[in-house]
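Structure first, then comments.
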Amino acid sequence: MKRILIKENNNLQLDITRDLDQFTPVLSALKTSYEAFEIGPFTHEVFKYAILAGPDKHVQNYLASLNDQLDKLQITNSIIRENSLKNHELVIENFKKALSDVIKFRPETYATSRPKLTTKFISVNGNGLFFISKEDNENILETYCRIYIENEEEKRIFDCIENLKNSFNQFLEFHGETGLQNANSFLTIAGVLKETNDRRLEFSAEGFKSMVTYKSRLDEFNK
């Protein structure tokens with residue numbers, strides 16, 4: 001059977017997307033550290049590859065760029081080349097640390113059980129700015145905010161609960177007409193249904209009669 005959507009929590013989706021504000025400092029540091037390589041713009045592809053595969057490819061590209069520059073300067077002495085590359089170790093370490101900070105970052109939330117935004121749902125636009133795309137939003141909804149009926153067994157149970165809900169709400173309307181107070185909706189059935197030894201419910205004729213005659217008995221008492 002086709003999955004049936006029974007709930008979509010848009011408030012939760014909004015809360016998750018707001019986590020992007022907390023990500024901003026570490027994401028900005030990552031972008032700045034990559035741009036220090038001067039090997040090209042910080043794109044969506046650069047960002048996602050670094051998150052998924054780590055820093056090595058970008059570091060290799062950076063070192064390859066440095067070696068190309070040394071070649072163009074016709075510097076062939078191995079000691080000079082090695083020293084030149086060592087001078088750029090801090091740039092590499094800054095990038096590695098910034099990437100590690102992004103991967104380890106977890107937003108603070110008001111409820112520990114609430115799902116948090118992760119880099120999986122963050123994109124980079126054409127201007128190098130971080131944002132949550134339409135596709136990211138859809139993935140957040142699908143991952144955290146939607147509840148589905150997945151199969152026929154779940155559908156059967158769902159229909160049973162729906163019927164129970166509808167019948168119970170109808171019963172509460174009848175209960176309200178009797179004049180009885182309703183401090184707890186679930187307790188209103190305690191008088192008309194009783195539990196058997198095998199932990200099932202059966203109808204209580206005495207409880208039923210007491211409920212439906214309550215108003216008339218109260219009126220008689222107040223005369």
Side-chain angles (χ1 to χ4, degrees), residues 1-26 104-123 130-223:
M1 62 168 280
K2 184 179 179 180
R3 293 197 307 166
I4 302 171
L5 179 66
I6 56 174
K7 182 176 181 179
E8 181 172 290
N9 191 338
N10 295 110
N11 289 330
L12 175 58
Q13 183 259 348
L14 184 60
D15 284 343
I16 294 172
T17 59
R18 284 173 176 161
D19 289 344
L20 183 61
D21 291 339
Q22 295 187 52
F23 263 100
T24 299
V26 291
K104 292 187 299 184
F105 184 79
R106 297 293 181 271
E108 294 183 1
T109 61
Y110 60 87
T112 55
S113 60
R114 197 263 278 171
K116 299 174 175 63
L117 182 69
T118 68
T119 53
K120 178 181 178 181
F121 308 109
I122 300 175
S123 296
F130 296 96
F131 76 116
I132 296 174
S133 68
K134 183 178 180 180
E135 182 180 355
D136 292 329
N137 271 309
E138 176 63 22
N139 289 333
I140 289 171
L141 285 168
E142 192 66 16
T143 304
Y144 299 120
C145 309
R146 289 174 178 157
I147 299 175
Y148 291 90
I149 295 173
E150 302 282 355
N151 52 54
E152 294 291 349
E153 178 65 11
E154 290 185 1
K155 181 65 166 60
R156 186 178 68 83
I157 296 171
F158 173 80
D159 289 342
C160 178
I161 294 171
E162 276 290 294
N163 291 334
L164 176 63
K165 179 200 72 176
N166 293 334
S167 295
F168 188 51
N169 284 334
Q170 186 177 18
F171 167 76
L172 290 175
E173 291 181 11
F174 295 147
H175 185 275
E177 294 171 1
T178 66
L180 286 165
Q181 297 297 311
N182 179 4
N184 185 315
S185 294
F186 288 105
L187 294 180
T188 59
I189 62 170
V192 295
L193 295 176
K194 58 184 180 181
E195 188 176 10
T196 63
N197 290 334
D198 59 354
R199 303 191 70 81
R200 301 180 75 85
L201 296 177
E202 67 177 22
F203 176 69
S204 170
E206 295 81 4
F208 162 74
K209 199 62 177 179
S210 176
M211 182 185 76
V212 297
T213 61
Y214 173 80
K215 190 171 183 180
S216 61
R217 289 186 286 110
L218 184 62
D219 291 341
E220 184 67 24
F221 177 80
N222 289 330
K223 283 184 179 180

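The basis for the numbers below is simple: all heavy atoms, side chains too, and nothing from hydrogens, waters or symmetry mates.
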Subject >> Closest approach of Thr109 to Ala111 (non-hydrogen atoms, all atoms of both residues) >> reply: OG1-O, 2.7 Å

Original post:
How many angstroms lie between atom OG1 of Thr188 and atom CG of Leu172, to the nearest 0.5 angstrom?
Top reply: 5.0 Å

Subject >> Nearest-0.5 Å distance, CD of residue Glu142 to CD of residue Gln13 >> reply: 12.5 Å

Subject >> Heavy-atom closest pair, residues Tyr144 and Pro115 >> reply: CD2-CB, 3.5 Å

Original post:
Counting only heavy atoms not in Gln181, do more than 12 fall under 6.0 Å of its CD?
Top reply: no

Original post:
Atom CD1 of Ile140 and atom CG of Leu14: how far apart are they, to the nearest 0.5 Å?
Top reply: 10.0 Å

Original post:
When rounded to the nearest 0.5 angstrom, what is the spacing between CG in Leu180 and CE in Met211?
Top reply: 7.5 Å

**OP:** Any chance you could measure Thr118, atom OG1, to Arg106, atom CZ, to the nearest 0.5 Å?
**Re:** 7.5 Å

Original post:
After noting the C-alpha distance and the side-chain angles of Ile16 and Phe121, does the key distance pass the side-chain contact (heavy atoms from CB on, under 4.5 Å) rule?
Top reply: CA-CA 10 Å; Ile16 294 172; Phe121 308 109; 5.8 Å; no

**OP:** Check whether any side-chain heavy atom of Phe105 lies under 4.5 Å from a side-chain heavy atom of Gln22, and answer yes or no.
**Re:** yes

**OP:** Compare every heavy atom of Phe131 with every heavy atom of Leu20, then report the nearest pair and how far apart it is.
**Re:** CD2-CA, 3.9 Å

Subject >> Validation row: Ile4, Phe158 side chains within 4.5 angstrom (heavy atoms) >> reply: no

**OP:** If the plane angle is over 60° it's perpendicular, under 30° parallel, otherwise tilted; pick one for Phe171 and Phe168.
**Re:** parallel

**OP:** Answer whether the closest heavy-atom distance between the side chains of Leu141 and Leu12 falls below 4.5 Å.
**Re:** no

Subject >> CZ (Phe186) with more than 12 external heavy atoms under 6.0 Å >> reply: no

Original post:
Measuring from Ser123:OG to Asn137:CG, what's the distance to the nearest 0.5 Å?
Top reply: 9.5 Å

**OP:** Return the minimal non-hydrogen interatomic distance between Thr143 and Asn139, and the atom names on each side.
**Re:** OG1-O, 2.6 Å

Original post:
Quick check: does any side chain N or O of Ser167 sit under 3.5 Å from a backbone N or O of Leu164, one acting as donor and the other as acceptor?
Top reply: no

Original post:
Ion pair present between Arg18 and Asp15, side-chain N to carboxylate O less than 4.0 angstrom?
Top reply: yes

Original post:
Residues in salt bridge (charged side-chain N to carboxylate O under 4.0 Å, His left out) with Glu150, at least two apart?
Top reply: Arg3

Original post:
Do side-chain atoms of Asp19 reach the backbone of Leu117 as a donor and acceptor pair under 3.5 angstrom?
Top reply: yes

Original post:
Going by an N to O cut-off under 4.0 Å, is there a salt bridge joining Arg146 and Glu138?
Top reply: yes

Original post:
Are His175 and Ile189 side-chain neighbours, meaning at least one heavy-atom pair lies under 4.5 Å?
Top reply: no

Original post:
Would the number of heavy atoms belonging to other residues, nucleotides or ligands and lying under 6.0 Å from CD of Glu195 be above 12?
Top reply: yes

**OP:** List the steps and the verdict of salt bridge (Lys or Arg N to Asp or Glu O under 4.0 Å) for Lys165 and Glu162.
**Re:** CA-CA 5 Å; Lys165 179 200 72 176; Glu162 276 290 294; 3.4 Å; yes

Subject >> Greater than 12 external heavy atoms within 6.0 Å of Asp198's CG >> reply: yes

